[in-house]
*Asks:* 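One structure follows; several queries about it will come next.
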Amino acid sequence: MRDSNQNQSERFIEVRPAMSIQGVGVRTTNEAEAGPQGKIPQLWDQYFQGGLQARLSDKDQAIYALYTDYESDASGEYTLIIGNRIEEDVAAAASSEELKQASVPAAKYMVFRTRRGPLMEIVPEVWYEIWSYFQQSAEKRTYTGDYERYDMRQFDPAHTMVDVYIAIE
């Protein structure tokens, strides 16, 4: 069910099993990312230029942007890892200097599904909606690991849809 405002995402609750993500990572804050010195665009470049999508196994053909190791809440530091889902038994063996990995515990998520649109527009838009939603909602974030999931089958950055999974109590 869509909200009446077309810029708002579709929201639903989903319980997801634990998983591990391996890819390139950086430590940052939302405040730092709002300015010209943001590290996230370069991290995406590093992911694609390094050919990591081809190197990392992922049965569901998706790229994940995992927000983990939160210092406190949405205003504190966090680690962002852009990568692919890996099998637990591969995780230890596949670790290297350039690749970071993190496990995401099984959790209940509020999923925000964006409208279809240009990637560089819809992702910031949905994060502003998420921050606003949790400032007003009785739902509480757990900060145990949140992620964006990009389905790479028929991916078109000018006309795409992204699911953002926010761990909740």
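Here, residue 1 is the first one in the sequence, and each next residue gets the next number. Note that the structure is predicted; figures quoted are calculated from it, not measured.
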*Asks:* Between CG of L52 and CG of L99, what distance do you get to the nearest 0.5 Å?
*Replies:*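 CG of L99 is found 5.5 Å from CG of L52.
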
*Asks:* Does the side chain of Y78 come under 3.5 Å of the side chain of N30 through a donor N or O and an acceptor N or O?
*Replies:*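 Yes, because at least one side-chain N or O of Y78 sits under 3.5 Å from a partner of the opposite role on N30.
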
*Asks:* Taking salt bridge (Lys or Arg N to Asp or Glu O under 4.0 Å) as the definition, give me every residue that meets it alongside E33, ordered by chain and number, with sequence neighbours left out.
*Replies:* none

*Asks:* When you look at E129 and S9, which way does the side chain to side chain contact (heavy atoms under 4.5 Å, CB included) test go after all the steps?
*Replies:* CA-CA 8 Å; E129 181 185 339; S9 62; 3.0 Å; yes

*Asks:* Please give me the minimum heavy-atom distance between G76 and E71, naming the atom from each residue.
*Replies:*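 Taking G76 first and E71 second, the nearest heavy atoms are CA-OE1, 3.5 Å.
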
*Asks:* Under the side-chain hydrogen bond (donor to acceptor under 3.5 Å, both in side chains) test, which residues partner E148, sequence neighbours left out?
*Replies:*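 Applying side-chain hydrogen bond (donor to acceptor under 3.5 Å, both in side chains) to E148 gives Y67, W127, Y150.
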
*Asks:* Looking at CD1 of I21 and CG of N84, how far apart are the two atoms once the value is rounded to the nearest 0.5 Å?
*Replies:*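 Answer for the CD1-CG pair, I21 versus N84, is 7.5 Å.
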
*Asks:* List the steps, then state whether side chain to side chain contact (heavy atoms under 4.5 Å, CB included) holds for Q22 with K100.
*Replies:* CA-CA 6 Å; Q22 185 177 50; K100 303 214 181 308; over 6 Å; no

*Asks:* Work out which heavy atom in I82 is nearest to a heavy atom in Y47; give both atom names and the distance.
*Replies:* O-CD1, 3.5 Å

*Asks:* Return the set of residues passing salt bridge (Lys or Arg N to Asp or Glu O under 4.0 Å) with D45 (not counting sequence neighbours), or none when no residue passes.
*Replies:* none

*Asks:* Kindly work out whether a path of hydrophobic side-chain contacts (I/L/V/M/F/W/Y, heavy atoms less than 4.5 Å apart) joins F48 to V123.
*Replies:*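 Same hydrophobic cluster.
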
*Asks:* What pairs of donor and acceptor atoms, side-chain ones from residues 130-140 against any protein atom, are under 3.5 angstrom apart with sequence neighbours left out?
*Replies:*
unit_1 : atom_1 : unit_2 : atom_2 : d
S132   : OG     : Q136   : NE2    : 3.2
S137   : OG     : E139   : N      : 2.8

*Asks:* For I81 and A102, work out which heavy atoms get closest and say how close.
*Replies:* CD1-CB, 3.7 Å

*Asks:* Go through it in stages, so that I can follow the logic: the residues are I13 and V111, the test is side chain to side chain contact (heavy atoms under 4.5 Å, CB included), and I'd like the CA-CA distance, side-chain angles, deciding distance and then a yes or no.
*Replies:* CA-CA 6 Å; I13 304 252; V111 182; over 6 Å; no

*Asks:* Please report the interatomic distance CG(D146) to CG(L80), rounded to the nearest 0.5 Å.
*Replies:* 11.0 Å

*Asks:* Report yes if some heavy atom in the side chain of V104 is under 4.5 Å from a heavy atom in the side chain of T68; otherwise report no.
*Replies:*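 No, every pair of side-chain atoms sits at 4.5 Å or beyond.
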
*Asks:* Is there a side-chain contact between Q49 and W44 in this structure, where contact means two heavy atoms from C-beta onward sitting under 4.5 Å apart?
*Replies:*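 Side-chain contact under 4.5 Å: no.
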
*Asks:* Check the pair E10 / F12 against side chain to side chain contact (heavy atoms under 4.5 Å, CB included), numbers first and verdict last.
*Replies:* CA-CA 7 Å; E10 176 184 351; F12 53 94; 4.1 Å; yes

*Asks:* Return all side-chain donor-acceptor pairs below 3.5 angstrom for residues 156-169, not counting sequence neighbours, or 'none' if the list is empty.
*Replies:*
unit_1 : atom_1 : unit_2 : atom_2 : d
D156   : OD1    : A158   : N      : 3.0
D163   : OD1    : R113   : NE     : 2.7
D163   : OD2    : R113   : NH2    : 3.0

*Asks:* Looking only at side-chain N and O atoms, does Y109 offer a donor or acceptor that is under 3.5 Å from a partner on R16?
*Replies:* no

*Asks:* Under the rule for salt bridge (Lys or Arg N to Asp or Glu O under 4.0 Å), what residues qualify as partners of E77, not counting sequence neighbours?
*Replies:*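 E77 satisfies salt bridge (Lys or Arg N to Asp or Glu O under 4.0 Å) with R27 only.
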
*Asks:* Around E31, counting heavy atoms of other residues, nucleotides and ligands shown, do more than 12 lie under 6.0 Å from its CD?
*Replies:* no

*Asks:* Looking at R115 and E125, is any side-chain nitrogen of the basic one under 4.0 Å from a carboxylate oxygen of the acidic one?
*Replies:* yes

*Asks:* Linking I/L/V/M/F/W/Y whenever any side-chain heavy atoms sit under 4.5 Å apart, do Y128 and M110 land together?
*Replies:* yes

*Asks:* Should we count CE of M152 as having more than 12 external heavy atoms under 6.0 Å?
*Replies:* yes

